[in-house]
Amino acid sequence: MDRISWDQYFMAQSHLLALRSTCTRLTVGATIVRDKRMIAGGYNGSVSGGVHCIDEGCYVIDNHCVRTIHAEMNAIIQCAKFGVQTTGAEIYVTHFPCLNCCKAIIQAGIKTVIYAADYKNHPYAIELFEDAGLTVRQVELEEMILDTNSQEKLNLTADLLEKLASAGLDAEEVKPLYEKASKLYTKM
């Protein structure tokens, strides 16, 4: 059995962290890594002990939820809280960091940003990263590493088995289910 790459390993960790998000607009996870070791993780959500967007809705000002602390900031703050050095580290993020998170990443001394998905990539953030000499690259999570559709796949499989078990179905009736299964089970 082949082992997954370091990039896929740490990106999968960031996607797992995103599952803890309390934001209803976008779930984001971030993992800070130094010397191939995870030193911190964060997800976007409210301050500790605060009201969460999933419970009360987002508190939006100028099209931004001000209740939420971004995943990258939470990971950097976790390092500060526990005295863990971020100089020279890498950060794996599920989405391209916002402008404020880009500035915090630079100030924290992080040297590499690896992100899975583009998300409102701000030109000034890209310029700041370049000026600071950071390496920025996109590494999408391979679907088979972390299957985010497992429940849907199980439900569809159950539906298919139930329909196929009943006698007399014509091909046109079964075809849409097979098409859906094909999309879920094959890598896009």
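Sequence positions, counted from 1, serve as the residue numbers for this chain. Here the structure is a predicted model, which means the values were calculated and not measured. When reading the values below, keep in mind they use all heavy atoms of this one structure, side chains included, and skip hydrogens, waters and symmetry mates.
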With under 30° as parallel and over 60° as perpendicular, where do the rings of W6 and F10 fit, or are they tilted in between?
parallel

Closest heavy-atom pair and its distance - A75, G42
CB-N, 3.8 Å

Does CZ belonging to R25 count more than 12 external heavy atoms closer than 6.0 Å?
yes

Residues A18 and G29: closest non-hydrogen pair is CB-N, 3.5 Å

Distance from L17 atom CG to Y43 atom OH, nearest 0.5 Å?
8.5 Å

Around atom CZ of R37, are there more than 12 heavy atoms from other residues, nucleotides or ligands closer than 6.0 Å?
no

Looking only at non-hydrogen atoms, find the nearest pair between A89 and I110 and report the distance.
O-CG2, 3.3 Å

How long is the gap from CD on E72 to OH on Y92, to the nearest 0.5 Å?
15.0 Å

Distance-minimising heavy-atom pair for M73 and N100
CE-O, 4.0 Å

How about E140: does its CD atom have over 12 heavy atoms from other parts shown lying under 6.0 Å from it?
no

Would you call the rings of F129 and F96 parallel, tilted or perpendicular if under 30° counts as parallel and over 60° as perpendicular?
perpendicular

Could you measure the distance from the NE2 atom of H15 to the CE atom of M11? Nearest 0.5 Å is fine.
5.5 Å

Under 3.5 Å side-chain donor-acceptor pair for S14 and T31:
yes

Assess whether side-chain hydrogen bond (donor to acceptor under 3.5 Å, both in side chains) is satisfied between N44 and T68, documenting all intermediate values.
CA-CA 6 Å; N44 55 332; T68 302; 5.7 Å; no

